[in-house]
*Asks:* 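I have a structure here, written as structure tokens, and I will follow up with some questions on it.
By convention here, the first residue in the shown sequence is residue 1. For ligands, and for the atoms within them, numbers begin at 1 and follow the listed sequence.
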Amino acid sequence: MHPKQLFFFVTTLLVSIFSSLATSKYLIGVGSYDSTGPAAGVNMMGYANLDQSTAGIHFRLRARAFIVAESLNGPRVVFVNLDAGMASQLVTIKVLERLSKRFGKLYNEDNLAISGTHTHAGPGGYLQYVVYSVTSLGFIPQSFDVIVTAIEMSIVQAHQSLKSGSIFINSGDLVNAGINRSPSAYLFNPPDERARYPRNVDTLMTLLKFVDNTSQESIGAFTWFATHGTSMSNNNTLISGDNKGAAARFFEDWFTSTSTNSTTLNAQDHIDGLIEKASSIKATGGQPCGQTSSQEFKVRKNKDGSRFVGAFCQSNVGDVSPNVLGAFCTDSGKPCDFNSSSCHGNDQLCIGRGPGYPDEVKSTKIIGERQFLKAVELFTSAKEQLTGKIDYRHIYLNFTNIEVTLTGNKTVKTCPAGLGAGFAAGTTDGPGAFGFQQGDKKINEFWKRVRDFLKKPSDYQVACQTPKPVLLSTGEMFFPYAWAPAIVPIQILRIGKLVILSVPGEFTTMSGRRLRESVKQTLISNGNGEFDNDTHVVIAGLTNTYSQYIATPEEYEQQRYEAASTLYGPYTLPAYIQEFNKLAESMAKGHKIVNNGPSPPDLSSVQLTLLPDPSGESPPPGVNFGDMKQDVSTPKTGFFTKGDRPRAVFWSPNPRYDILTEGTYAVVEMLQGENWVPVYDDDDFSLVFKWNVDNGSSNGLASLEWEVPNTAKNGVYRFRHFGSSKKTIVSNVEYFTGASSAFAVS
Ligand SMILES: *[C@@H]1O[C@H](CO)[C@@H](O)[C@H](O)[C@H]1NC(C)=O
Ligand SMILES: *[C@@H]1O[C@H](CO)[C@@H](O)[C@H](O)[C@H]1NC(C)=O
Ligand SMILES: *[C@@H]1O[C@H](CO)[C@@H](O)[C@H](O)[C@H]1NC(C)=O
Ligand SMILES: *[C@@H]1O[C@H](CO)[C@@H](O)[C@H](O)[C@H]1NC(C)=O
Ligand SMILES: *[C@@H]1O[C@H](CO)[C@@H](O)[C@H](O)[C@H]1NC(C)=O
Ligand SMILES: *[C@@H]1O[C@H](CO)[C@@H](O)[C@H](O)[C@H]1NC(C)=O
Ligand SMILES: *[C@@H]1O[C@H](CO)[C@@H](O)[C@H](O)[C@H]1NC(C)=O
Ligand SMILES: *[C@@H]1O[C@H](CO)[C@@H](O)[C@H](O)[C@H]1NC(C)=O
């Protein structure tokens, strides 16, 4: 070989080795932060049920984030999975403001995605449009602030933990975690289109696995799968991440327990010894404690302080229910009417059943476990490594009147936002108002008058939205401020052969398929071979802002709940497909977006808050906060066993004086040697913190309930309660703690 040739050969070899290293390694970072909002008296977001207000915590809500960068100065994307009903425009705006103060332009509206898990068991009042804050009596600053801070802090953690690593992708089918809750609407889609799919819901779960290059240990995993966060019903009052939050809790605990032994216990203790020991230890009453006491307990930290982050993200969830046994009439026990999901005309009697029916906590656990187990399978067998470019495109659209060109060159338009009668009927996961049915194409005279009193829809709107009977013309309502969004963002994030479509709402199953396939085709046909049939296209639902549902034009004909909630008229979906394809084409061709579109409004200065904050309180005479009203009552055997539910009740003020972010209201401690060691907290599935007002004295009571899990070790335990109070609205916050008597578990 000629020296020149050799030189050329070696250089080429080096370059190709270097570039294969450079493209198979990214900078990766993950973060996670507590986003649990006010646990008392705040209406929950999702079901729009006025009676459903928070009264405690089943387990905590979190923001979980990952950042992937090509290199230190190369392009990067940040994705946040938020345990909340949905993303909120105002939250996104404020998060971006905080990020720009910290990081300049590094994280911006183009490369940041915030996606809601769609739990219906989180406190509301953090969205800026009227329709989404009616039942919470307006804006709730405490709900809003904790979410903004949690997203910010999860991103800060991810940023600070950025290091060289690899990303693996895997996908597989999970068939028993969702069913179609509007199967009659699905049947409106063309038969030849339906024939291409085995089911009326998407069953694919896609998983990303992040692996630290140096330690070769995984630092996190994110999955996308479509199923509603409605395992907990509209009667539930405990804050909960629902089935996705549960799956995340199980996954993170599983990972941590397989890599470390979190508790080392003396298993020698004999049962009699346990009882004797327990009965010799008395309760400690309420006592003040320092500001940090509630924060001292961080059971989920790994030894080195780093945390594995496991996240379960939402996808094209529009018509997918986790209540997989189907919907039945509560009076007759028979299946509901197929087309209207009502029972002899009454929508309120038709209710879906989860696999744990009638126990909704059990249903949450089962649907959570099914997602968790599928994720473990995908995680442990993930082999396909992501390589290649990081890229992103983002644009704001005014959805009020987008011109859409359909196949055959017919042009149509989207409409101002509007809700149909079927919206008021609700769904089989949570029925709405009496007197409405899904599929209603008419509104009766009475409701027409009520509607016209609020706002009579314009003739243009009525014609544009046909066949939807417009019940609330939210796009034409601006008093006291806008009722619905007009400006919504769409976004594409790319990590090599993974393409994430950030959609600002709930696409139905078929809507999601059409969008994914169309975007994939556009990428392939414009992309110089960078994209092919193996490119993974994933929909991230409820992302960056919220604009309710997106049904196909055919499903729109039937006007069930999802169609009645498709805000911008029958051509909402074709408009999304058209506009996403423009972004996809610009990404595939390497073009930049010239015009970012109209910015959404910041309505923070005009928000109304009609729910007062708690105004200060004192304990009842003769007791301190943290004293027990009711101690643990030990069974006759002298000890509790697996599945028992020991419980203690403490005098406790409203939990909103300090919401104990990254701390806990409830702990189960275990005696190890001479020390009480915390082993479960209010982020555990087995330990529940309930807060209620005592009916006799009108003082607050915290009730701690623990379902002794199968994995609990034999030993001596006690409850510990943490809380805070204010004497008057202007006083300082004071902290207290109390402990129950000891009890034995064997
Ligand atoms: C990955 O880690 C190995 C050591 O495990 C190190 O030699 C290598 O340089 C690292 N690669 C990158 C791209 O950081
Ligand atoms: C809520 O509770 C009421 C009263 O117990 C019951 O009739 C209704 O079916 C429950 N709703 C759901 C969605 O479980
Ligand atoms: C965890 O504890 C078990 C015994 O309980 C022991 O066999 C195992 O080696 C421990 N694993 C680690 C990683 O310490
Ligand atoms: C549902 O409605 C369709 C028309 O949209 C009708 O053909 C069908 O018979 C109805 N099914 C039932 C079970 O009522
Ligand atoms: C959106 O477009 C409509 C129709 O052109 C217009 O009236 C409205 O002002 C626009 N909305 C915003 C927030 O720019
Ligand atoms: C649609 O219009 C484009 C140009 O505007 C034309 O090239 C195309 O043939 C038309 N398609 C149909 C089906 O008419
Ligand atoms: C593309 O991939 C899908 C599955 O991912 C497969 O069913 C299909 O046959 C592939 N198409 C081509 C043209 O390879
Ligand atoms: C007070 O009464 C209501 C309704 O009777 C009940 O649901 C609630 O649990 C009671 N509160 C306490 C603390 O007992």
Side-chain angles (χ1 to χ4, degrees), residues 44 46-53 55 89-90 93 120-121 128-130 181 228-238 240 242 321-323 325-333 336 341-343 346-364 395-418 425-434 458 460-461 464 473-478 481-489 504 545 547 561 567-569 575 578-579 595-603 606:
M44 286 180 157
Y47 289 115
N49 173 9
L50 263 170
D51 295 333
Q52 191 195 10
S53 293
Q89 186 64 64
L90 195 54
I93 289 172
H120 284 47
Q128 68 173 353
Y129 298 104
V130 171
R181 69 182 186 188
H228 252 76
T230 49
S231 289
M232 298 298 284
S233 78
N234 62 5
N235 286 334
N236 163 57
T237 57
L238 297 176
S240 163
D242 208 275
S321 168
N323 296 315
L325 299 188
F328 298 88
C329 297
T330 51
D331 54 353
S332 64
C336 316
S341 294
S342 62
C343 301
N346 185 344
D347 62 299
Q348 296 186 310
L349 298 180
C350 173
I351 296 190
R353 294 179 182 172
Y357 175 83
D359 180 345
E360 65 190 48
V361 170
K362 198 168 162 196
S363 293
T364 304
I395 194 170
Y396 290 111
L397 301 165
N398 182 345
F399 248 88
T400 305
N401 63 347
I402 295 178
E403 202 171 279
V404 189
T405 308
L406 303 177
T407 41
N409 284 354
K410 186 184 168 201
T411 52
V412 292
K413 278 189 166 187
T414 57
C415 321
T427 71
T428 53
D429 290 335
F434 180 74
S458 67
Y460 173 80
Q461 171 76 321
C464 189
S473 190
T474 51
E476 299 182 312
M477 295 163 81
F478 299 97
Y481 41 92
W483 281 54
I487 313 293
V488 302
T545 191
S547 62
Y561 178 83
L567 292 186
Y568 308 105
Q578 170 180 294
E579 300 301 318
N595 180 353
N596 287 328
S599 291
D602 176 342
L603 302 177
V606 294

*Asks:* Please table the atom pairs, donor to acceptor, closer than 3.5 Å between any side-chain atom in residues 404-412 and protein atoms at least two apart or in another chain.
*Replies:*
none

*Asks:* Taking only heavy atoms of I351, which atoms of ligand 2 are found under 4.0 Å from at least one of them?
*Replies:*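 Per the distance check, 9 (O), 11 (N), 12 (C), 13 (C).
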
*Asks:* CG/L349 to CG/D331 distance, rounded to the nearest 0.5 angstrom?
*Replies:*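 Spacing of CG (L349) from CG (D331) equals 5.0 Å.
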
*Asks:* May I ask you to test the C336-D347 pair for a side-chain heavy-atom distance under 4.5 Å?
*Replies:*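 When only atoms from C-beta onward are counted, D347 and C336 do not touch, as no gap falls below 4.5 Å.
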
*Asks:* Can you pull the residues with any heavy atom under 4.0 Å from ligand 6?
*Replies:*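 Heavy-atom contacts below 4.0 Å: N409.
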
*Asks:* Applying ring-ring contact (aromatic ring centres under 6.0 Å, His included), can you list everything that pairs with F399, at least two apart in sequence or on another chain?
*Replies:*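 Partners of F399 by the ring-ring contact (aromatic ring centres under 6.0 Å, His included) criterion, ordered by chain and then number, come out as Y568, Y576.
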
*Asks:* Could you list the residues that satisfy ring-ring contact (aromatic ring centres under 6.0 Å, His included) with Y396, not counting sequence neighbours?
*Replies:*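 For Y396, the residues satisfying ring-ring contact (aromatic ring centres under 6.0 Å, His included) (neighbours in sequence not counted) are H394.
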
*Asks:* Below 4.0 angstrom from a heavy atom of N401, which ligand 5 atoms are there? Numbered from 1 as shown, please.
*Replies:*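 In order of number, 4 (C), 5 (O).
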
*Asks:* Within the 4.0 Å heavy-atom shell around N234, which atoms of ligand 2 are there?
*Replies:*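 Contacts of ligand 2 toward N234, numbered from 1: 11 (N), 12 (C), 13 (C).
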
*Asks:* To the nearest 0.5 angstrom, please state how far the OG atom of S547 sits from the CD1 atom of I487.
*Replies:*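 Interatomic distance, S547 OG to I487 CD1, rounded to 0.5 Å: 11.5 Å.
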
*Asks:* Roughly how far apart are Q128 CD and T545 OG1, rounded to 0.5 Å?
*Replies:*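 Interatomic distance, Q128 CD to T545 OG1, rounded to 0.5 Å: 7.0 Å.
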
*Asks:* Below 2.5 Å, is that where the SG pair of C343 and C350 sits?
*Replies:*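 No - the two cysteines, C343 and C350, have SG atoms at least 2.5 Å from each other.
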
*Asks:* Counting from 1, what ligand 5 atoms have a heavy atom of I487 closer than 4.0 Å?
*Replies:*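 Per the distance check, 12 (C), 13 (C), 14 (O).
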
